[in-house]
Amino acid sequence: MKNIKACIFDLDGVIVDTAVYHYKAWKRLANNMGFDFTEHQNEQLKGVSRMASLNLILGWGDVTHKTEAEKLALATQKNEWYNVMISQMTPAEILPGAREFVQACRNAGIKTAIGSASKNTPTILNKLQLASLFDTIVDGNSVSKPKPDPEVFLKGAEALQVDPNACVVFEDAVAGVEAALAGGMKAVGIGSPEVLIKANLVVSGLDKMTLDILEEL
Ligand code: G6P
Ligand code: MG
């Protein structure tokens, strides 16, 4: 591989579909406060940090009177419900082709990293038995600026000692694609080309990725 020295993968929606668990936990929280939100609204939570997600949801429910301490308690409650669900995950929930493509990168001498906003990244990677597939893991515990700020991916590139312009980021969120591009990296969107319009390439999943496609980016 001439130009590409590292691949950085978002976790939720790229390696594993945890979005359904985030949705169930946030929905339960909203329902407890007496309102609901749609699956379409839920799309806007992709790649967005826990507290920023809560603020969006409270806005949808016209809940304007919560103190910071109350917000923290709500986010903690959501995370507890979410953790009950992810604690039951198995490697069967790894998205199609994800393990195979990451392994193919490694076999070709390309470094691999996780770049995720989730503070639950270590738990999820352990449940999926995938932690050893990545040379470095940058997650919500080690970054301060949320996507679309490129911090999470730049930290990954730095840890791998690879120049950003030799990195490719795999992302299912609009904010994540923007973060990759802002960091001077290439972005492969995972999902729909109509949504991830800024990505250099969009595929439906890592099962559609090959080293040949990577080389042509
Ligand atoms: C990912 C998900 C978001 C989630 C965020 C924080 O970016 O796409 O839906 O809110 O991580 O996750 P956490 O596990 O820290 O609550
Ligand atoms: Mg994602």
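Since the model is a prediction, treat every value here as computed from it, not as a measurement. Note that the numbering runs from 1 along the sequence shown for the chain.
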Heavy-atom count around Q161 CD within 6.0 Å, excluding the residue itself: above 12?
no
Would you indicate whether the side-chain heavy atoms of R28 and N31 approach each other to under 4.5 Å?
no
Residue pair V169 / D10, side-chain heavy-atom distance below 4.5 Å
no
Check whether the side chains of K78 and H22 place a donor and an acceptor atom closer than 3.5 Å, and report yes or no.
yes
Please check this pair: side chain of N79 against backbone of A75, looking for a donor-acceptor N/O pair closer than 3.5 Å.
no
Under 3.5 Å, is there a donor-acceptor pair between the side chain of N200 and the main chain of V188?
no
Examine distances only and state if a side-chain atom of D139 and a backbone atom of S116 form a donor-acceptor pair shorter than 3.5 Å.
no
Check this for me: does any side-chain nitrogen of one of E158 and K155 sit under 4.0 Å from a carboxylate oxygen of the other?
no
Side-chain donor/acceptor of Q129 to backbone N/O of P91, under 3.5 Å:
no
Side-chain donor or acceptor of E151 paired with backbone N/O of K145 under 3.5 Å:
yes
Side-chain donor-acceptor pair under 3.5 Å between K27 and N42, yes or no?
no
Aromatic rings F134 and F9: how do their planes relate, parallel, tilted or perpendicular, breaks at 30° and 60°?
perpendicular
Apply side-chain hydrogen bond (donor to acceptor under 3.5 Å, both in side chains) to T90 and list each qualifying residue two or more places apart in sequence or on a separate chain.
none
Straight-line distance of S53 OG to L58 CG, nearest 0.5 Å:
10.5 Å
Of all the heavy-atom pairs spanning I110 and I4, show the shortest one and how long it is.
CG1-O, 3.9 Å
Output yes when a side-chain donor or acceptor of E216 lies under 3.5 Å from a complementary backbone atom of I213, and no otherwise.
no
In terms of heavy-atom contacts, L196 and A173 come closest through CD2-C, 3.8 Å
salt_bridge(E93, K127) N-O dist < 4.0 Å:
no
Under a 3.5 Å distance rule, please check whether T112 uses its side chain to pair with a backbone N or O of L133 as donor and acceptor.
yes
